[in-house]
*Asks:* 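Please read through the structure below; I'll follow up with questions.
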Amino acid sequence: MPTPETITLALWATNLGRPLNGLDAWAARVDARMAEAAAAGARMLVMPEYACEQWLSFRPDGLTTDREIPWLADLAPEALDRLRPLPAKHGIGLMAGTMPWTVDGGQRNRAWLLLPDGRVIHQDKLCLTPGEKHPKAWTLTTGDSVQIVEWEGLTIAIVICLDVEMPALSSLLAPHRPDLLLVPSMTERRSGYSRVFSCAKARAVELMCAVAVTGVVGQTPGTTWNPTNVSGNAVYLPCEPSLGYSGVHAETPPLEGHWGEGAILVARDIPVGAIRALRDNGPEVWPGAWTADHVRVSAPQ
């Protein structure tokens, strides 16, 4: 399939502060946001990392912090089943954020991409934060591979939060010539938001692609581990004259909370075709999928 000239995405900075009474309520909220996204012309709704933490608002009494991740992982297969029909129903893709998922007796932080053609694709987080590997709290295990997805003429990769801060991962992605990176995130403070969103913008320059990043906001009622979340939405482009110089296609400001469901950004007409053309022939200074194989680092003298 030829690369489309543009694609429109909807990004949802999910507000964790909206309580739920069960998975039916959660799936209904996702369903409603997908309907809004489809009505706005979006081809995909992108949700943040740990959007599933909303489930802790109906956690059982007495659930300790060290049991939160296993409990969320126990719910995750049922939650995924409830989402499976939605892409076909609305005719758009869904990047459903991340959920803890049990693998070999431990839990991984796993993102799910559901497509209207029936495909369900996962991506595990590769580099965990200190809060995700605390021996007395949230203890997860790392993933070990990157999935490359071809959809509607686009080459897509999912890079979860801290992973986007790792240039080594970017160098592994570069030979695959991605058109779009999806970056679901959770950041407790404005400093974390700045790291993730700034590095997402850097990846757009480094890989000559579009990068869509979104994060959760607010605090889940009943959570014991994430008292604050600060984030927003953004789509970044390479900083090229023909793309508007700044590298910012669309963004919403960072928020610590939200009165409603969370800010939605409809990023219209992301110029993926123009970016691919520049990547093939004509960027201002981009050196291509550059490697440092010919560079030697000298020991201190």
Side-chain angles (χ1 to χ4, degrees), residues 1-11 42-44 46 93 95 111 113 115 121 123 125-127 145-185 194-215 232-252 265-295:
M1 181 180 293
T3 304
E5 285 304 306
T6 66
I7 187 171
T8 294
L9 299 177
L11 284 66
R43 295 299 302 134
M44 182 183 294
V46 184
M95 211 300 291
L113 177 62
L115 298 175
I121 300 151
Q123 175 63 55
K125 192 173 184 178
L126 305 174
C127 187
S145 64
V146 178
Q147 311 295 325
I148 303 296
V149 181
E150 299 290 339
W151 180 58
E152 296 196 344
L154 298 177
T155 300
I156 301 171
I158 301 170
V159 182
I160 301 170
C161 199
L162 183 56
D163 291 347
V164 83
E165 299 180 33
M166 304 296 127
L169 176 57
S170 187
S171 69
L172 294 175
L173 289 172
H176 297 277
R177 298 165 57 85
D179 299 300
L180 175 65
L181 297 190
L182 304 176
V183 185
S185 69
S194 296
R195 285 192 299 270
V196 169
F197 278 63
S198 295
C199 288
K201 188 175 183 182
R203 299 292 85 82
V205 172
E206 186 175 29
L207 293 171
M208 187 62 72
C209 70
V211 181
V213 54
T214 184
N233 304 297
V235 173
Y236 298 121
L237 309 178
C239 298
E240 295 287 324
S242 61
L243 300 176
Y245 297 98
S246 70
V248 178
H249 180 73
E251 62 183 352
T252 59
L265 171 67
V266 178
R268 300 186 184 279
D269 299 326
I270 302 166
V272 288
I275 294 171
R276 182 177 280 195
L278 283 169
R279 194 169 63 216
D280 290 340
N281 182 26
E284 192 171 32
V285 295
W286 187 64
W290 188 82
T291 67
D293 293 343
H294 65 290
V295 177

*Asks:* Please, which pairs that meet side-chain hydrogen bond (donor to acceptor under 3.5 Å, both in side chains) have at least one residue in residues 202-212, sequence neighbours excluded?
*Replies:*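 Every pair satisfying side-chain hydrogen bond (donor to acceptor under 3.5 Å, both in side chains) with a residue in residues 202-212: S170-E206, R203-E206.
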
*Asks:* Which residues pass the side chain to side chain contact (heavy atoms under 4.5 Å, CB included) test with A210, sequence neighbours left out?
*Replies:*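 A210 satisfies side chain to side chain contact (heavy atoms under 4.5 Å, CB included) with L180, L237, I270, I275 once adjacent residues are dropped.
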
*Asks:* Rounded at 0.5 Å granularity, tell me how far CD1 in I7 sits from CH2 in W151.
*Replies:*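 The distance works out to 5.0 Å.
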
*Asks:* Not counting sequence neighbours, which residues clear side chain to side chain contact (heavy atoms under 4.5 Å, CB included) with P175? List them please.
*Replies:*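 Not a single residue meets the side chain to side chain contact (heavy atoms under 4.5 Å, CB included) criterion with P175.
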
*Asks:* What is the minimum heavy-atom distance between V272 and P4, and which atoms define it?
*Replies:*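 Closest approach of V272 to P4, heavy atoms only: CG2-O, 3.3 Å.
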
*Asks:* Can you measure from CZ (R43) to CG (L154) and round to the nearest 0.5 angstrom?
*Replies:*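 Nearest 0.5 Å value for the CZ-CG distance: 10.0 Å.
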
*Asks:* Looking at every heavy atom in both P184 and V159, which two are closest together, and how far apart are they?
*Replies:*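 Here P184 and V159 meet closest at CD-O, 3.7 Å.
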
*Asks:* Who pairs with E240 by side-chain hydrogen bond (donor to acceptor under 3.5 Å, both in side chains), at least two apart in sequence or on another chain?
*Replies:*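 So E240 forms no side-chain hydrogen bond (donor to acceptor under 3.5 Å, both in side chains) with any residue.
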
*Asks:* Quick check: does any side chain N or O of S198 sit under 3.5 Å from a backbone N or O of R195, one acting as donor and the other as acceptor?
*Replies:*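 Judged by distance alone, no pair lies under 3.5 Å.
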
*Asks:* Can you name the nearest heavy-atom pair linking A10 to A42, along with the distance?
*Replies:*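 Looking at all heavy atoms of both residues, the shortest contact is N-CB, 3.7 Å.
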
*Asks:* Quick one: closest heavy-atom pair of A204 and P238, and the distance?
*Replies:*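 Answer, listing the atom of A204 first, then P238: O-CG, 3.6 Å.
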
*Asks:* When you measure from the side chain of T8 to the backbone of D269, do you find a donor-acceptor pair of N or O atoms at a distance under 3.5 Å?
*Replies:*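 Such a contact is found between T8 side chain and D269 backbone.
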
*Asks:* Under the side chain to side chain contact (heavy atoms under 4.5 Å, CB included) rule, collect the residues that match up with V295, sequence neighbours excluded.
*Replies:*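 If we apply the side chain to side chain contact (heavy atoms under 4.5 Å, CB included) test to V295, skipping adjacent residues, the hits are W290, A292.
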
*Asks:* May I have all residue pairs that pass side-chain hydrogen bond (donor to acceptor under 3.5 Å, both in side chains) and include part of residues 155-169, sequence neighbours excluded?
*Replies:*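 Listed once each, the pairs are E150-T155.
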
*Asks:* Take L181 and I156 through the test side-chain contact (heavy atoms from CB on, under 4.5 Å) and record every step on the way to the result.
*Replies:* CA-CA 6 Å; L181 297 190; I156 301 171; over 6 Å; no

*Asks:* Can you sort out the partners of T252 under side chain to side chain contact (heavy atoms under 4.5 Å, CB included), two or more places apart, ordered by chain and number?
*Replies:*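 So T252 forms a side chain to side chain contact (heavy atoms under 4.5 Å, CB included) with N233, L265.
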
*Asks:* What residues form a side-chain hydrogen bond (donor to acceptor under 3.5 Å, both in side chains) with E5, not counting sequence neighbours?
*Replies:*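 By the side-chain hydrogen bond (donor to acceptor under 3.5 Å, both in side chains) rule, E5 matches no residue at all.
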
*Asks:* Working to the nearest 0.5 angstrom, can you tell me the gap between L182 CG and L113 CG?
*Replies:*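 Separation between the atoms: 7.0 Å.
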
*Asks:* Enumerate the salt bridge (charged side-chain N to carboxylate O under 4.0 Å, His left out) contacts for residues 172-185, please, sequence neighbours excluded, ordered by first and then second residue.
*Replies:*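 For residues 172-185, and leaving out neighbouring residues, the salt bridge (charged side-chain N to carboxylate O under 4.0 Å, His left out) pairs sorted by first residue read R177-D280, D179-R276, D179-R279.
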
*Asks:* Can you list the steps and then say if K201 with V248 is a side-chain contact (heavy atoms from CB on, under 4.5 Å)?
*Replies:* CA-CA 8 Å; K201 188 175 183 182; V248 178; 4.0 Å; yes

*Asks:* What's the separation between atom CG in L126 and atom CG in L169, rounded to the nearest 0.5 Å?
*Replies:*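 L126 CG to L169 CG: 6.0 Å, rounded to 0.5 Å.
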
*Asks:* State the CD1-CD1 distance between I148 and I121, to the nearest 0.5 angstrom.
*Replies:*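 The CD1 atom of I148 sits 11.0 Å away from the CD1 atom of I121.
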
*Asks:* With sequence neighbours excluded, tell me which residues meet ring pair (Phe, Tyr, Trp, His ring centres under 6.0 Å) with F197.
*Replies:*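 With sequence neighbours excluded, F197 shows a ring pair (Phe, Tyr, Trp, His ring centres under 6.0 Å) to Y193, given in chain and number order.
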
*Asks:* Using a 4.5 Å cut-off on heavy atoms from C-beta on, say whether the side chain of L278 contacts that of L243.
*Replies:*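 Yes, close enough: below the 4.5 Å cut-off.
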
*Asks:* Under the salt bridge (Lys or Arg N to Asp or Glu O under 4.0 Å) rule, collect the residues that match up with R268, sequence neighbours excluded.
*Replies:*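 For R268, no residue satisfies salt bridge (Lys or Arg N to Asp or Glu O under 4.0 Å) once neighbours in sequence are set aside.
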
*Asks:* Which atom pair, heavy atoms only, marks the closest approach of Y236 to E251?
*Replies:*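 The pair with the smallest heavy-atom distance is OH-OE1, 4.0 Å.
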
*Asks:* Could you measure the distance from the OG atom of S171 to the CG atom of L207? Nearest 0.5 Å is fine.
*Replies:*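 So the gap between those two atoms works out to 9.0 Å.
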
*Asks:* Can you give me the closest heavy-atom contact between I158 and A111, atom names plus distance?
*Replies:*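 Where I158 meets A111 most closely, the heavy atoms are CG2-CB, 4.0 Å.
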
